[in-house]
Structures are given as structure tokens and as C-alpha cells.
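Here is how names work: the chains are called A, B, and so on, in the same order as the sequence lines, proteins then strands, and each is numbered from 1. Only heavy atoms go into these numbers, but all of them, side chains included; no hydrogens, no water, no symmetry mates.
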Amino acid sequence: MKKIGVTTECVCDLPENYFEKHEVPVVYFYITTETGRFRDVYEVTAGNMIEYLEQGKKRVQTNAPEVKEFMTFFAQQLKQYEQIIHIGITDQVSLSYRNALEAVSLMGEEGKRIHLVDSGHLSTGMGFVVIKAVELRDAGKSVSDIIAELDVMKKRISTSFIAPDAEYLYQNGKVGKLSRNICRAFQLHPILKMKNGKISLGGFKVGHYHRAVLRYVREELKRENNIQKDRIFITHTGCPVRFINEVKEEVAAHGPFEKVIVTKASATISCNCGVETLGVLYQMKE
Amino acid sequence: MKHEGKRKVGTAAWVVYMLCTFMMLAMAWMNDWSIGVTWQLCALACLVSLVTFLPGVSMQLQAYILMICAFADIFTCSILEGDLYPSLIVLLGEAVMISIYKNEKLLFLQMALSAGLIAVDGVLFGSLSGQSREYLLGFFVRISVLFAAQFYLLLFIRMMNKSEERLRRSVVEARRAEHYKSDFLANMSHEIRTPMNAIIGMCELILRENDLSEPVRENCFNIQTAGRSLLEIINDILDFSKIESGKMELIHDEFNIASLLNDVINMSVARKGDKRIEIIVRADTDIPQGLIGDEVRIRQVIINLMTNAIKFTEKGSVTLSVAYTHQEYGANLFVSVEDTGIGITEENIEKLFTSFRQVDTKKNRAVEGTGLGLAISKQMIQAMGGFMSVKSEYGKGSVFRFVIPLEVSDRTPFVQIKNPDKIHAAVCLDDEMFSGNYRKMFEEFGEKLAIDFTVCKTMMELEKLMEKKTLTHCFVGQGKYINGSEYYKALAQKMELFVIQDRQEDIILPKNIKCLYKPFYILSLVSALNNENLVLNLSNSRKQETHFVAPKARILIVDDNAINLKVAAGLMRPYHMQIMTAESGPAAISMLRSKDIDLVFMDHMMPQMDGVEATRIIRDMPEPYYKELPIIALTANAVNGVRERFIQAGFDDFLAKPIELNALDRILRYYLPHEYLQRPIENASRENETLPQPEQGRNQSVALFDPDMGLRFTGGDMEAYLDILALYAKKGREKIEQIRTLAGQKDIAGYVIEVHALKSTSLSIGAASLSEYAKKLEFAGKAGDEQTVGAETENLLSLYEKVIDTINEYLEQFREESAEREEEPVCWREIGKEALMDVLARARQACDGFDCDSLNALAQEVNGYVFDGISVSPYFSKAASLAEDFEYDEARHSIEQFLTDLENVQSSKKDTGASESGAEQ
């Protein structure tokens, strides 16, 4: 039996081959449509969801794994690992962390081997925390050391997105009606930022959306001297390939970064943000 | 949307009206107009608000009320207060308000009313008289602006209305065109399908003939393949059209995942053809056996994905995975098809499901296809409430997956191991299987089925395993089996042994070793572990190649359709089995009372007593023979999951109609007693020279005919050769007389014709010397050499007679030797009255229908049977012989003769006090 296992949720938006390569088991969120309930990433993709929504279908619902599902998932992992560190999405946007907590409490003695970490972020912001946890595990650190370091480093992560409009954000309760109406009336592109685990409006951009995104990227990376250059994520929900390449060039202009990783957001994130939402996520230096 | 639009228009008009009202209220306040005006303004504003927001008020009525109220306000303000000047702006606002309704007539009316109002005020009430020049100028300017604006609005509305009308017409036209297109496609597809089906069907009939030359067979097969491809394209186009027009109807019916997967596997094997790729099928064990959905569409989608994967993969494997997750509403069925093919670039993935042509067309030029399949598949999945996606790496392969929500009618897992605790199984795979997905599949089996299942790479590992435990089942790859056949044959004595083989390269195995054909999946494995029999249907074969013959096997085919019987019997003829036929369930039951039938093929659907009922009656008979007799269902409905029902009904297996030759081959090989299977006679004759040679002692020292030569000339078919010999001998006497007469009459032309014919027929049966002699006299006759013809004709005819005698002796000798080879003496069996009536009726029908083949078959069928002490077969054999000479009346007479003789026998028995059993005519 291996000593420490790192597990996480599909909404961390890391590439699928990362999970296989580093042995990171993943628990899936669900998307509920008019016809069924489907596992994110595994059964439906972000592309499926975006297409579904663009066809004028009714709203979809995104659901965190239920308590029972967490219990089954953890029980399975405990067969392979002595201790588990589970990195979850920020508690402020999902019931996932609470469900995981409840699952752990219901598991009795076995539950003491499970250690939950609220990443305080979502998407690849959460992904940074997972990567760090894996690195520390592989370096042979203890569970407590890993958790302590994660608590410190997650505060240095910058998670932000720009969306074409506020429609999906409003429908999913992430912004208020007034903000939605203002964005609609003045054709504004909202920018969302994570702060203390919460999503809040962090500004707007006007004009042609693609140009607005490039301006957003420039602004995000203007503090380039303070940004860690080992890794930066460009995470999007269905942006065209050509446009992504432009963003990559813009990011590279503020580098050099050792790795510029482009990932597609999960269906859960896509349903909440809408199509062609894009984020540049990085870690600040200590 | 219409209601929403109406509300928006009403709201906009109300807003304009309110603005106008506020403006007038402001004017009233500024100009100190009477309080009555204010009250009027407010009252009318309330009325307008009510009308605007009251549901059920039409837009036209709304517009009229607004206009009237607005005019009333303006009239009051301008006329009663004597000042039209400021109200001109309000008139303009009113025009804007009316234009929101896009009603030209109203706008015209408003213009007219405006003009009227101005005229009334200016002329009647004289508000313009006595005014300054500047006032008048300003007034006329405002009027001009007002009317210009009204006119412009009118034109604008008119233009907009025209555009909308054009748009409406275009929509109607488009819908009509869509409707025509659908009708056109439906009609055309029917018109195209009908001849296509005829072409494909005729090709199938031709391919079933055994005497086709190879090029003809090849061409016929190609025509059939092309026809099928074209049919598929037509079906695709129709499906796409239905989907586009939203007319695709989904069926909600119960289906079994096992049957669906079986059909998919069969079709995938057919598509794969000779390609050296593995098809691997993985399925979750706990998929419910009763799912509710549109099985046909689901199967269509999976087959489309598999076909694409096979098309674009040249080496490696295509893996079909089926999984399931439990949901409150039933289940999610998750299917993925993974290939090691050429892959797709990221740019092309975006176009994949919408393009009507293949992506990467330059590279895929050699691969056929319209590109419709994926678009249709995706839309079907979406119609079922599911999702489809693709992942691909260019140059490495692709994974297509879809998920659909389904209801569940029966949650029982579709596979179940009967005694999991008692099973200890192992598999020893061939090297190429070990390194691929097969190994993973086997490794999963043990876990999924919760049984003891070990994967071994080598025979040594297997031996070591057997030292630790006693195995109940062992699966071994064909390569490993061949390399250690003695070892595995010995293993087969101690446990159930299965050899995993490819269909195209299978080897004949001993009876106690079973075969598991690739591709297989968990159901096949579970059936093997449960010791159940399962035979999967296979792909078409171009040519019927029989790997064995079974002359001792007695087969009964039961079908109410005479043509089906003929076809089935024809397909089985190459196996040289003894074929009997029955046209009804009762006839079959009667024939089975003799208990000497080895295998029964029973049609599923027959009138009065169908195959299921007949089988049940047979199984209910007391003797163990009837319980163990293999009965195979013949059904045209094989693809709808009826296998399990047939097995429950008492059948051992089923064979789909039209009969696939390889499937028939395997059924026969599986169910016939092993000792009945022999190598085909052609091979035997070449290897062992068992063809008897004619005795040379009584004849000239030179052999008069060579059977080996004759057999070669007649295509190696022993039976056919003997028939030809018999016919040659039979006709010979007549021909001798004919040639003699022609020579005597000096009819050289006729003589040459007959001798020419004698030359070729003699050569074809192997009488080379006679042929040469006939050739010599033919040339003499052609040269006009009457002397040679006169001198040598009798020598020719003498030789001809000797050849005939030799042939007759040879045939007699052959019959004796055949009889000696029979281990059991011929037993006379009593034929039942009903069966007798049946064969008599069929014989009469065959005579009336000039059906020589049926008479021959009947003669074989009644061979060895007696009725009331009279042997039946001589009469039928004679009838068959007469039929060959097209003497059908005489043949019929022979059949009737049997009845006459029977009557006589029964009468004489009656006279002597014996018991009677009469046959009625």
C-alpha cells in the first residue's frame, strides 16, 4: 500500500494525462439536463455543454458529488493509500467541500486517514494546488507538511477569467441582475477574480471581445516580475484554436515561462461561465 | 414569442404616448390652460394604460384607441385652448407612436386627421388669421416638417412591411421546398431501393451456385458489395433528411444489450474483412439485461463508429467498450470506440460532425464514404438526450464516445456466472494478444466476474499455476495450442479447454476441445465458463468451401416453404449428408419417430404448428433421444435478440436466414457427431486414390476409360461424375443405333454431327481412346471419305459398346464397394401414414412442377422405408430417373403405381384375414 494519495475533483481542469501520469484519482461533478444526469469530463465534455446551451436548450444544473459518492470514492482510494489528501474546489462556489466533509465524518475511523484541503480556487487555480500537493508528496513530505505548505501557497495563486457577457454568470448566481443588465446594455465583458475563495467582479472590458481578451491578458501579466515563471495556465471554454494561439503569443511576450499550458475547462465550469470564457492563471512569487 | 412581441410594441407605443401626454401637461401648466384639460389628459392616459396592458386586446384596437385618445388630447389642447402651434410636435410624436404598429392605413389616417385638424383649426377656427408673418412662416415650416416626417414614416413602414412579406413568403417557400424534398427523397429512395434489393438478392442467388467460375464469382460478389454500399448511402441520406426536418421518430422498446453487441460484432467482422487488425470488445458485467430505448438507432450509431474506426485503421486494434452507470431514471449507457488509426487534427475535429465529406480528404482519398455517418450519429444521440464527443491524436488514433440516458426494465445483470466459487480459470495468450488490449480485457474479467482467473504468458506459467490449484477452465491462444497440441489435448481430459481462434484461420479441433472465436466479449466468456453453447454468426463468404463432408449424417430440414427447403438442402449438398425435408411441424415429428435423425433445422414461423411448438412437443417425448437431439431454429429475425428466447423454447441454437455459409458450417461442425466428419472427397481422392479403377482383365488390355481423367473434367464432383457416367451409358445404346443408321443411309452430314458429339462426350468421361477414334471418323466424314466411314464405323461402334459395358460394370463395382464401406446394414423402417401421404403429395407436386431435383431428394428421403411391407424407395427412384429424362408423366405414373400395388397388397391381406391399414388416395 502506498503512503500518501492525492485526490481531487474534475473541476481542477488539469489535462487528463496528468492524472494518469501522477496517479491522481479524480471524483466527478455532474451535469443534469432535461434528459439525464451525466458525469463531467467522463461522459460529457465542455464542448457538449456549450453546444447544448447554444441550441437554446433550457438551463442545465451542475452538481457536486453527493456524500455517498464521496464515501465510495474515498473507500476505494483507502484500499491503495494509507493517507489521502483531497484537494477540493473552493467552498464558496460549491457544496462539494461540505459533502466531502460530511462523507469523511460518516466514515468513522477510516475517515481519519482522509485530509481535506479547500483550495480556495477553481479551475486551474485549484490545479496549481493539486500540482503542488503531488510534488510535495513525491518529495516525501508528510501529510501535515504538505497541508501546511498548501495553505500558504494557495494565497499566492491568481485566478481570474474574462467572459463575453454576464448571461451565464447571472443564470448561475455568480453575478447579480444589475451587473448583468449593465453588461448587456453597454456590451461589457466582465472580468471575474477569486478573492478569499469567492468570485467577484474584478472589472470590465469594452469593445470587440477578442481584443478585450488580449487587453485583459496584458493587464493580468503587467506585474510580470512578481509572477512565478515555471508554469502558467491558459484555460478556456471553447475558444477557437487560432484565437488561443494569439493569446499564447501575448502570454509569451510577458515571459519567458517554462511551461504555457493550454487547457479546456470542464463542462461544469463552462456551464457557469459560458462559451469563449478565458482565464490566465498563475502563481505569484513568495 | 408573438405575445412577447405584441407586449413590446404596446409598451413602446404607451411610452411614446406618455411622453406626449407629459409634454402636453407641461404645456398646460406653462400656458395656464384650464384644469379640465389636465383632467382630460390624465383620464385618457389612464384609459390608454388600461388598454395597453389589458390582455386580450388586439394590436389594431390598441392602435386605434391610442390614436383617438391622442387626437382627443391634441384637439382639446389646440382647438379649445386656441393654440395648435405647440401641438404640432405632439402630432409628430403621435405619428411615431402609430408607426410602431407598422400599420400603413393607420398612419394614412393619422396624416389625414392631422391635415383635417390643421384645416379646422386654421380655417374654421381662424387661429391663423391675424398672425404675424414670422408666426405663419414658422407654422408652415412645422407643418412641412410634420408632413414630411409622416410621409417618410409611411414610406419606411411600407418598405418594412414589404420586406417582412418577402421574408414570410421565403419562409413558406422554404418550408414547401423542404416538404417536397422530403417527399422526393422518400419516393426516390423507395424507387431506388426496390431495384437495388433485386440486384443484391439476385447476386446472392447466383453466389449460391456451386458451378460458377472464379472470375464470374468475383464479379458477382463485387456487384453485390457495390449494391450494398449504395443502399447504405441511400439510407444515410434518408436518415439525414429525416433528422434535418425533425421527423425522426425514436422507438421506446425493450432490448437486450447482448443481442445488440452480438449484431455489432458480426457486422464489424464483416467490415473488417481481411484487414489484420484486432477487434476487441469490453463490456461491464453489470449492465442490466433489460434496457428501454431505440435499439435500432443505437446499433446504427455503434456500427457507424466501428465502421469508421475499421476504415481508418490499418494496423493495431479497434476497441469497443460499453459501460453503464446506475441512475434514478434508469441508467446511462456509455459507449466508446477507440482505434489505433490515423487520428484527426484539432482543427478538423471542429468540422467533424458537420462536414458532409471526410476531413483530411487528401490523405483519405482511398477511403470511401460520404461523411454523413458521423453527422447522423451525433444527431441521433442528441435526439436520445445524450452526448457524443471525440478525442484524437493525429497519427496515433481516436476515441469516439457517446452516452445516452435509458430506462431500465430489468436490472438483472446481462451476464451471470452460475457458480463463481467453483470456477478456477486461466488463460494462456498468444504473444501478440498478450501485449495488447486483450490482456487488459482478461485481467478485468476476473475482477468483474469475481472469480479466480489468472493470465499466464507462457505454458510454463500455466504449469506452475496448475501445481498450485486445480483448474476448471483454460483458454489458450491458437498459436500456443498448435505448438503444444499434445499437452493441451491431455489438459482437455481434465478440464474444459477453449482455443481462442481467428475465424479466417481456424483449425479443426477434437470434439472435447471447444473454440472461442475472436472477437468475443464477456458474454462469450461467461457462456464458456457456464458450460453453455453459443455460436456467433459470421461474415459472408464468397464461396462455399466445405472443410468436411459427413455422408453418414442424417439431417432433417423443416420449413413450410418449398423454395426455402430447396435452398437449404442445396446449401447442405456439398457436405454429402443425407438430407430429409418436412414441410410442417407434424410431418417433422412423424419423421423423427424413426429416431435416426442426427440434426434438425426447424423453421421458426410455420402455419398451424410453428417451430417453437413443434420443438416443445419433440422435447416432451419420453425417450432421451428427443431431449438430446440438436434442434436449430431457422429464423429471419435473428438480429432482434431472439436467441435467448429460442434457447428458452428448447432449441439448441439458431441460424439466421438467409443462411450464412460459414455459420452453417460451424453449426454442422459443432452439433454433428465428431466421427461423422470426414475430409472432403476431392482431397481424399487425390491423396489416397480411392477411386476404383475399371477391371481390365475382361476387356482389352488398353483401359477403355479413365475415371480420374473424367473426374477432373467434371470439376471433381464425384457424385456428378457418376451421374454423368450413368447417363452416358444409358444414352449410349440409342446413339449406337443412330450412328449405324446414319452410316447406312450415307447421311454424312448427320453422321459427322453425331460422331463429333461422341468425340467430346467420350473425352469428358475419360474414354480417351473412343474419343480419338470418333475424332478420326469425324475428320474422315468432313473430308468426304465415305470409304473410311463405311469400313470403320462398325469398329467404332463396337468400341463404343465395350466402353458402355465397362462403364456399367464400373458403376456396379462402385456401388458394391460403397455398400461394403457401410458399417451398418440397411435397416428397413416403417414410414408413418401421415409422412407417406406427405411424400406422395410432394412427389405429385414435383411431377406436376417438372421438378427433377425435388424428386431426387424425395427418393433419398424415402430410402430404406417401407409401408405395410412394400418398399417405398424403388417407386420414387424410378420416378426420379424418369424425371431426369423429362418423362414426368411416366414419373407420376410410377408414384401412382405404388398406391396401386399397395392397394393390391392390402386387398390380398384382407382376403387372407391379415390386419388392414389402407392408404387413401
ask   = With under 30° as parallel and over 60° as perpendicular, where do the rings of A:H86 and A:F73 fit, or are they tilted in between?
value = perpendicular
query = Do the rings of A:F128 and A:F233 sit parallel, tilted or perpendicular, given the 30° and 60° boundaries?
reply = perpendicular
query = Between B:V403, B:L406, B:I404, which residue shows the highest count of heavy-atom pairs closer than 4.5 Å to chain A?
reply = B:V403
query = Checking heavy atoms, do the side chain of A:R242, its backbone, both or neither come under 4.5 Å from chain B?
reply = neither
task = Check whether any side-chain heavy atom of B:N332 sits under 4.5 Å from a side-chain heavy atom of B:Y324, and report yes or no.
result = no
ask   = By a 4.5 Å heavy-atom criterion (distance strictly below it), what part of B:S336 contacts chain A: side chain, backbone, both, or neither?
value = neither
task = Output the option from A:E43, A:E16, A:R39 having the highest count of non-hydrogen pairs under 4.5 Å with chain B.
result = A:E43
inquiry  = Less than 4.5 Å apart, side chain to side chain, heavy atoms only: is that true for B:I287 and B:D284?
reply    = yes
